[in-house]
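Reading through the structure tokens given below for one structure.
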Number of protein chains: 2
Amino acid sequence: MEEILDQTDLRLLRLLASDAKITTKDLAARVNLSPSPVFERVKRLEAGGFIKGYIALIDPEKLNYGLIVFCNIKLKHHDKSIGHQFVTDIMRLDEVVECYNISGDYDFLLKVYAKDMKHYQDFVFNKLGSVTSIGSTHSTFVMCENKNTYNINF
Amino acid sequence: MEEILDQTDLRLLRLLASDAKITTKDLAARVNLSPSPVFERVKRLEAGGFIKGYIALIDPEKLNYGLIVFCNIKLKHHDKSIGHQFVTDIMRLDEVVECYNISGDYDFLLKVYAKDMKHYQDFVFNKLGSVTSIGSTHSTFVMCENKNTYNINF
DNA sequence: CTTGAAAAATGGAGGGT
DNA sequence: ACCCTCCATTTTTCAAG
């Protein structure tokens with residue numbers, strides 16, 4: 001697999017990044033090629049890992065998940081097994097949509113979706129509360145999501 | 001538009017949330033229906049705003065964007081026009097993929113993708129540096145992305 | 001919801017520059 | 001190596017019941 005992308009490949013990635021449902025035919029028209037080479041290029045981009053997958057974006061608010069919280073977490077100790085156990089425990093929690101190991105005062109940053117403050121309180125007390133590797137937490141509440149592109153802008 | 005979803009609708013949303021390319025035929029098999037009603041349900045979910053769109057997930061690392069930074073921002077002043085100007089300015093920056101108005105010590109939280117530390121430094125000095133509404137910033141660097149589901153888990 | 005059928009897209013064969 | 005033009009197969013899409 002040759003890992004060099006030309007400008008056409010990049011344009012295809014940008015088009016697919018904003019609309020996974022665009023047809024090969026339309027893609028072809030946008031990059032001034034016929035469908036066949038475009039089809040092959042897209043397959044190459046998929047096989048090469050440039051495209052990790054195609055997903056539908058679901059509106060959380062429509063499903064009554066209106067609250068986004070960034071939850072900073074400090075572990076009790078910093079050995080490898082505790083960190084691994086924490087990640088394993090966190091992976092199971094549906095409310096947690098993202099988890100990052102971070103620099104700074106805290107060890108992990110979670111992005112959490114909750115229905116409301118009551119739900120979030122329940123999440124912190126009952127779910128995070130039973131993750132024994134956690135030392136302390138600090139929650140930052142989102143008042144407004146101003147921008148989310150879901151992909152890098154390259 | 002009836003805003004009540006049954007279990008079949010929820011299953012369709014979950015299936016599409018993880019794979020936008022699944023065919024109506026396969027969807028139908030998964031929910032034990034024929035393609036036609038599934039097709040109609042999906043159109044209803046799209047029209048009703050439950051599905052906001054379909055996107056390809058691009059691997060940032062493959063495009064040499066290996067650095068994720070959460071950048072906390074404090075504004076100089078807190079009037080409406082300054083906040084609005086800040087959001088407008090931030091929307092233009094390609095490196096910023098997400099922007100949230102948050103509670104706590106800082107006013108905004110940005111998720112930023114950069115090629116490397118040098119690129120991020122340039123972003124902070126040259127791009128954020130020219131956004132005059134910014135008072136101060138605090139950067140948190142991601143060492144490892146442990147989880148990202150890209151959607152709520154409902 | 002089902003059947004059924006027209007319109008469109010996919011995915012590949014074969015050939016050209 | 002890359003692209004094109006067909007074309008069979010599959011899928012989408014929308015009637016009518």
Side-chain angles (χ1 to χ4, degrees), chain A residues 1-60 62-64 149-154, chain B residues 1-65 149-154:
Chain A
M1 167 85 204
E2 190 48 72
E3 305 260 325
I4 305 294
L5 304 183
D6 62 16
Q7 288 306 311
T8 302
D9 289 322
L10 291 176
R11 291 184 66 190
L12 293 174
L13 285 178
R14 285 190 200 99
L15 289 163
L16 288 167
S18 66
D19 178 15
K21 288 282 175 120
I22 186 172
T23 64
T24 307
K25 192 182 172 184
D26 285 347
L27 275 179
R30 296 290 219 100
V31 299
N32 298 313
L33 285 175
S34 68
S36 291
V38 170
F39 176 76
E40 281 161 14
R41 278 169 183 269
V42 173
K43 288 300 160 204
R44 245 191 340 257
L45 292 170
E46 291 169 355
F50 296 94
I51 298 172
K52 292 194 288 184
Y54 301 92
I55 65 168
L57 295 175
I58 309 302
D59 188 344
K62 281 285 184 175
L63 298 175
N64 297 317
T149 64
Y150 301 102
N151 263 311
I152 58 168
N153 306 109
F154 51 97
Chain B
M1 167 87 203
E2 188 49 72
E3 305 260 325
I4 305 293
L5 304 183
D6 62 17
Q7 288 305 311
T8 301
D9 289 323
L10 291 176
R11 291 184 65 190
L12 292 174
L13 285 178
R14 285 189 199 99
L15 289 163
L16 288 167
S18 66
D19 178 15
K21 288 281 174 129
I22 186 171
T23 64
T24 308
K25 192 182 173 185
D26 285 347
L27 274 179
R30 297 289 219 99
V31 299
N32 298 313
L33 287 173
S34 65
S36 291
V38 170
F39 176 74
E40 281 162 12
R41 279 170 183 266
V42 173
K43 289 298 161 205
R44 258 204 315 271
L45 292 169
E46 290 169 356
F50 296 95
I51 297 171
K52 292 194 289 182
Y54 301 91
I55 64 168
L57 295 174
I58 309 302
D59 187 343
E61 295 197 14
K62 281 284 186 176
L63 297 175
N64 297 316
Y65 278 78
T149 64
Y150 301 102
N151 263 310
I152 58 168
N153 307 109
F154 50 97

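In what follows, every chain begins at residue 1, and chains take the letters A, B, ... in the order their sequences are listed. Bear in mind the structure is a predicted one, so any value in this text is a computation, not a measurement.
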Counting only heavy atoms not in B:K62 (residues, nucleotides, ligands), do more than 12 fall under 6.0 Å from its NZ?
yes

Which nucleotide wins on minimum distance to the side chain of A:R41, given the candidates D:dT5, C:dC1, D:dC2?
D:dC2

If you check every side-chain atom of B:K25, which of C:dA9, D:dC3, D:dT11 has the closest atom?
D:dT11

Starting at atom [atom1] of [X], determine the distance to atom [atom2] of [N], rounded to an integer number of angstrom.
X: B:K21; N: C:dA9; atom1: NZ; atom2: C1'; value: 11 Å
X: B:I22; N: C:dT10; atom1: CD1; atom2: C1'; value: 17 Å
X: A:D6; N: D:dC2; atom1: CG; atom2: P; value: 8 Å
X: B:N32; N: C:dC1; atom1: CG; atom2: C1'; value: 14 Å
X: A:L27; N: C:dT10; atom1: CG; atom2: C1'; value: 13 Å

If you measure from the Lys or Arg side-chain nitrogens to the Asp or Glu carboxylate oxygens, is any gap between A:E46 and A:K43 under 4.0 Å?
yes

Test item: A:L5 and A:L45 side chains (from C-beta on) under 4.5 Å apart, heavy atoms:
yes

Is the closest side-chain heavy-atom distance between A:L13 and A:F154 below 4.5 Å?
yes

Base, sugar-phosphate, or nothing: which does A:T23 touch, judged by heavy atoms less than 4.0 Å apart?
sugar-phosphate

By the definition salt bridge (Lys or Arg N to Asp or Glu O under 4.0 Å), identify the one residue from A:R44, A:R41, A:R11 that meets it with A:D6.
A:R41

Letter per nucleotide, 5' to 3', of nucleotides 11-17 of chain C [B base touched, S only sugar-phosphate touched, - untouched; heavy atoms, 4.0 Å]
SB-----

Is the distance from OP1 or OP2 of C:dT2 to the nearest side-chain N or O of B:S34 less than 4.0 Å?
yes

Search all heavy atoms of B:P35 against all heavy atoms of B:K25 and return the closest pair with its distance.
CG-CA, 4.3 Å

